[in-house]
Amino acid sequence: MNSANRTRAFIAVGLLPALLLFVTFVILPILWSAYYGFYDWKGIGKATYIGFDNYAEVIQDPVFWKSLQNNMLIVAASVFGQVPIALVLALLLMKGSRLHTFIRSAVFMPMVLSSVVVGIIWGYIYHPEIGVLNFVLDSIGLGSWKQQWLSDPDVSMYSIMVPIIWNYIGPYLIMFIAALNNIGSDMDDAAKIDGAEGSRKLFSVTLPLIWDTIKVAVVLCISGSLKAFDLIYVMTGGGPAHSTELLASYMYNNTFSIYRYGYGSAVSTTIIIVSLLLVAGSQYLMKRGDRL
Amino acid sequence: MMKKKATVFLTLALAASLALTGCGSKDNETKTEGGKNKVTLTLWHNYSGDDQRAKTMRSIIEQFQSSHPDIKLDVQAIPPDGYRTRLKTVAAANEMPDLFVMWPGVMTKEFQAGNLIQPINELLDSKKEWKDGFLPGSFDGFTVGSDIYSAPIALSPTSILFYNQSILEQNGLQVPKTWDELLHAVDVLKGNKMTPIALGNKAAWLAQSSIFSSLADRVTGTEWFLKAAAQDGAKFTDPEFVKALGYMKQLGDAGAFPAGFNAMDNTQMEQYFAQGKAAMMIDGGWALTNLATSASAEAMAQMGASVLPSMPDGKGDPNTISGVVGTGIAMSNKVTAEEKDAAYELMYAMAGPDAQKRVLESNQLVSYKVDLDTSKVTPIFAKVYELVNTVNRTPVYDGVLGSAAADEVNNGLQELLMGGKPESIAKKIQEAQARAVQTDSK
Amino acid sequence: MMLRRTKSGIVNGLMIIYALITLYPLIWLFISSLKSNEEFYSRPFQLPTKWHWDSFSRAWKISDMGTSMLNSIIVTALSLVLTLAIGALAAYVLSRFQFRFKLLVMGLFLLGMLIPIHSTLVPLFIMMNQTHLLNTYGALILPYVAFELPIAIFIIQAYMNTFPKEIEEAAFIDGIGYWGIFLRMMLPLSTPALSTVAILAVLRFWNDFSFALVFISKPALKTLPLSLSMFATGYMTDYQLTMAALAMAVVPTIIVYLIFQRSIMQGMIAGAVKG
């Protein structure tokens, strides 16, 4: 066997198990679900082919657009909230000292808790009657700032963003710590050659070196924000009157609660398409960032 | 060092894949084992928790198992939060369990239309006395044409006016009998810094099921509602329905409900009422089970129950409570003739007179004539039991409407209580129901 | 010098406060599991007046947590090993080799990260039903691994991309093949990325409710999330027992986190060797 063939064989063998599992258990089901999207089907009994009718209805439903808008807010909050905060914390917490290890673990802890617990606690913080937040505002003389944090549709989406950012910083923090530690020595070398220090070192040496990881973090952020709904579901149930509805809960309701399986499938296909556009867009923007 | 790690790593991976295939083959063995002329039935239920009713139902099933050694039961307790999702997934794949807990109304209709279940008329007719023991209308939600698909093991009156006797007295008030008296009570209570009516409408169905179903029925009358639901000679844009929405809005505008009620769930609302923070609460029969587990005895001694007040020039009977029968056991279409007898026996054990009595004694109302031994239940349960037995039952909105339209009512009421317009909400409900009726007739 | 020290003191102080805030929910969970249902509502932030230590044993028994804990450990461990092995191998190929269809393969995996899990429930159920995979550990392990692979591959690949080319070239001269490079160099050097993936994957496998709900119907094979949601009736949740069960379920994940987070820091050492 010559070396080119050996390389080819290794590539094939290396990718095969991953591709096989992935295509069977992820890609096939999702294509299957996209196919249901062309049918008027209740999830039971007969299905009627209706072409693009479901998709047309998705696009015309104001609740879909409201959900999409809410999801975009969450994407923005995650990308511009979670990633920078995690990065700053990672830069501050790079050392292996006990204190740093403790703080890192603490920041990660909301991740290990179930959304039910986190949702209930934040529900109490925002609670209209016995809420901690309103109590604090009252006692420091800012009673006029009090709000119906979760039930006023004008503020509820913003109230929800805080726990979302807070809850999911952990994974990005550990990703960045791993990346920063990996480039630890390179970074110092490069900085020495450049004579860079402080913030210049950060932007001209550190960030470019972990740019790949940042890119992955942003993709994870976008995909996670478009799929997530459990935390919000515990806090508001998507209400009042759809004001905190999200794409994933909208899809779930149609598919499993109100007997519109075909329509729900069309919604989920639409979600995937929207996500792809977003991710592609973000990658494109970050590629340009690469060159700068 | 590195080499060792790699070896361990590969060994583990190999072990993992072996374990996977191993599990698969082991499963096949157990499947062939149960073939010695014994009837095997699968039963799915959602009585999984530690509440009294769940415990009662589980013990009924266990007793059945020990007294019927010839019937092998494969029982699965499924968490209630996931029960419907689970059921709908297997329904989509046409892999229903032999027997399962099923809801009346929409679910029964859809499962029947999908040819997933079979009628149990035969069982009911063979036990005439049992069938006659059910309260009037008990089988309506389980009936399609002349076929009955299940027998209810619970009753959920949805709109009981609970009140706190001592709070009303302290404010010089009586239980409101008319709409004006209710509005007056709201005014007085508000003036005395007391929340008039507890409400927790986060899940959105509560205002619809508990307040609006009764309120609207008093305004429009039951006949109109059933016609509008069938889209046969009445529409949800009719003036009487818009008027009913207007009354609901009036109650909200009068400040009857606590601040931020759309952020509280029904349990929080029940706690709120039990803690004496509100004078009244409009809630369903499920509150009794919840209160039995989480309210103190003194709090419960203060509670009374009544019907909602009458509405000015209402077309409906004011001495009614909206309500639905609860879930029952349904039988899959795949149950064969040989298995049927065993299935019937189990159904009877779970919904028969003895079971109904035991369920009632675990603080859960049933749709069956049973004399209640009041020493076995909480005082407020006994009061509600008496109330429910003296009034008539009217339909609940989400028990009759298609699920998409019910969803519109739920969200529409949230919108209404936040300042929405009755006319535009009525229009959305009408559109959703018209579409549902249209697709059904196709 | 003085100034810098006070500055870092303030930063550390602020971070400690932040850390305590993020730790609080965990503490709250344990305190809540010792309260009665009534106190759970009436005094959400106070200590219980009566400590209900029996919550734990009751919750454990009623929801049969022994069985489900064991199943969860088995399913999580096997899924984790497969995810890391298959994911790292694919990441190595994607990070170090150029070939046709590479972009296509990466795009495909990217797509996998965007799929809402619920929309695959019915198709997966039908597939597994026909292949008799339902009611085996495989019914959970295979989809878990498949759904976790994209994230694993992306994280590990991004990490491997930062390794300089020279380390492999040296190995090649020594006559070590691709497998040797992968097993003896890439894997150990990627320990921090593998640990990151491991933490995220374990959390996902341990907490998954949807697949566990639908693909497993034998009580003997059920996993933890099903046990945790046993204490609701649809109209109310028994929070005393739910919180106790949640508290017990969270302990193993904390241990897993603490184990793996130590090896995330190993990059330092590897980096030092490399330099």
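Proteins come first, then strands; the chains are lettered A, B, ... in the order of their sequence lines, and each starts at number 1. Side chains are part of it too, since the values below use all heavy atoms of this structure and drop only hydrogens, waters and symmetry mates.
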Qualifying residue, where the test is side chain to side chain contact (heavy atoms under 4.5 Å, CB included) with B/Asn262 and the options are A/Pro153, A/Pro128, A/Pro240: A/Pro240
Heavy-atom pair with the smallest gap, counting every atom of A/Ile44 and B/Gly114: CG2-CA, 3.4 Å
Within 6.0 Å of NZ in A/Lys46, more than 12 heavy atoms from elsewhere: no
Closest-packed option against chain B by number of heavy-atom pairs under 4.5 Å, given A/Ser151, A/Gly237, A/Gly45: A/Ser151
Leading residue by heavy atom contact count with chain A [cutoff under 4.5 Å; candidates B/Ala93, B/Ala259, B/Ala263]: B/Ala259
Proximity breakdown for B/Ala204 and chain A, heavy-atom pairs closer than 4.5 Å: neither
Euclidean distance, A/Arg260 CZ relative to B/Asp407 CG, rounded to 0.5 Å: 11.0 Å
Engaged part of A/Tyr126 at the chain B interface, taking heavy atoms whose separation is under 4.5 Å: neither
Under 4.5 Å from a heavy atom of chain B, the part of A/Tyr124 involved: side chain
Structural part of A/Trp149 lying under 4.5 Å from a heavy atom of chain B: neither
Which of A/Gly238, A/Ser243, A/Ala241, A/Ser156 touches chain B most, by non-hydrogen pairs under 4.5 Å: A/Ala241
More than 12 heavy atoms from other groups under 6.0 Å of CZ on B/Arg435: yes
Shortest non-hydrogen contact between A/Thr236 and B/Lys202, atoms and distance: O-CG, 3.6 Å
Validation row: B/Gln414, A/His242 side chains within 4.5 angstrom (heavy atoms): no
Nearest heavy atoms of B/Gly260 and A/Gln148, plus distance in Å: CA-OE1, 3.2 Å
Interface moiety of B/Leu87 toward chain A, non-hydrogen atoms closer than 4.5 Å: neither
When B/Gln268, B/Met264, B/Met418 are compared by non-hydrogen pairs under 4.5 Å with chain A, the top option: B/Met418
Residue among B/Met107, B/Lys277, B/Glu110 with most heavy-atom pairs under 4.5 Å to chain A: B/Glu110
Chain A contact via B/Ala91 - which portion, at a heavy-atom distance below 4.5 Å: both
